Amino acid sequence: MRSVTYAMSVSLDGYITGPDGGFDWTAPDEEVFRFWTDETRQLGVHLLGRRLYETMLYWETADQNPSLDFSTLEWAALWKSLPKVVFSHTLRSVRGNARLASVSLAEEIERLRAEPGDGDIAIGGASLAAAAAEAGLIDEYRAVVYPVLVGGGTPFFPRHERRVDLQLVENRTFSSSKAVYLRYRVTRRPGGIDRS
């Protein structure tokens with residue numbers, strides 16, 4: 001069965017954006033950028049909230065910029081071809097290899113898990129990930145933790161009042177940025193429920 005993953009760059013104090021909404025401290029160096037490119041290759045579909053979808057629209061036309069290097073163009077091509085499902089109550093249409101969700105998040109994930117195909121089901125955007133976490137739909141949390149404290153902002157981990165046990169399955173330190181990649185799998189009780 002395809003795994004549902006939530007992966008983002010995060011500050012050491014647990015935020016994906018700072019208090020002002022900025023995330024300039026997550027600008028990847030070549031090593032981290034190559035890592036995210038390799039991670040994107042493992043995806044079968046990406047589920048996005050409206051804000052992340054709008055942020056990522058840049059990559060729909062990035063390949064037209066002649067000043068981009070090969071690595072950036074390679075990632076842009078991967079992202080552009082990746083199927084995307086956008087969850088929004090305000091958008092009426094989307095561009096590129098994307099479609100608007102027509103069912104609930106849980107129903108969409110159930111449908112995608114039942115489909116034949118390879119690649120993980122990625123979730124992007126804090127609000128969408130929080131809804132998936134609350135419903136017990138996330139199988140893995142993947143974070144590139146940067147050595148910075150931003151003091152507030154949008155939290156990476158959803159805030160809910162139940163315990164979720166995790167098992168560390170992979171970690172690594174990036175030599176140039178000193179960021180640390182942590183990959184945790186959700187530990188489930190029989191029947192597929194998160195431990196709480």
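This one's a predicted model, so the numbers in the text were calculated from it and none came from an experiment. One is the number of the first residue; the rest follow in order along the sequence.
By the 6.0 Å contact criterion, CG on Asp20 is enclosed, its count of non-hydrogen atoms from other residues, nucleotides or ligands being greater than 12. No more than 12 heavy atoms of other residues, nucleotides or ligands shown are found within 6.0 angstrom of CZ on Arg51.
Taking a cutoff of 4.0 Å between a charged side-chain nitrogen and a carboxylate oxygen, Arg111 and Glu108 qualify as a salt bridge. Salt bridge Arg34/Glu39: absent, no basic N to carboxylate O contact under 4.0 Å.
In terms of modelled atom types and a separation under 3.5 Å, the side chain of Glu107 and the main chain of Ser104 share a donor-acceptor contact. Here the side chain of Asp120 pairs no donor or acceptor atom with the backbone of Ala122 at under 3.5 angstrom.
For Phe23, there are no ring-ring contact (aromatic ring centres under 6.0 Å, His included) partners at least two apart in sequence or on another chain. Legend: residues meeting side-chain contact (heavy atoms from CB on, under 4.5 Å) with Ser176, ordered by chain and number and at least two apart, are Asp29, Glu31. Under the ring-ring contact (aromatic ring centres under 6.0 Å, His included) criterion, Phe87 pairs with no residue, sequence neighbours left out. For Leu78, the side-chain contact (heavy atoms from CB on, under 4.5 Å) partners are Thr37, Thr40, Arg41, not counting sequence neighbours. Taking Asp13 as the reference, Ser11, Tyr15, Leu149, Val150 meet the side-chain contact (heavy atoms from CB on, under 4.5 Å) condition, with sequence neighbours excluded. Checked against side-chain contact (heavy atoms from CB on, under 4.5 Å), Arg50 has the following partners two or more places apart in sequence or in another chain: Glu54, Ser88, Thr90, Leu91.
Between Tyr141 and Phe157, the ring planes are tilted. Angles from 30° to 60° get that label.
Figure legend: cation-pi geometry between Lys80 and Trp75 absent, as NZ or CZ is not positioned both under 6.0 Å from the six-membered ring centre and within 45° of its axis.
Residues Gly18 and Trp25 share a closest heavy-atom pair of N-NE1, 4.3 Å.
Just one of Arg188, Arg2, Arg185 meets the side chain to side chain donor-acceptor pair (under 3.5 Å) condition when paired with Asp139; it is Arg188.
In this structure, Phe174 has its ring center no closer than 6.0 Å to that of Tyr181.
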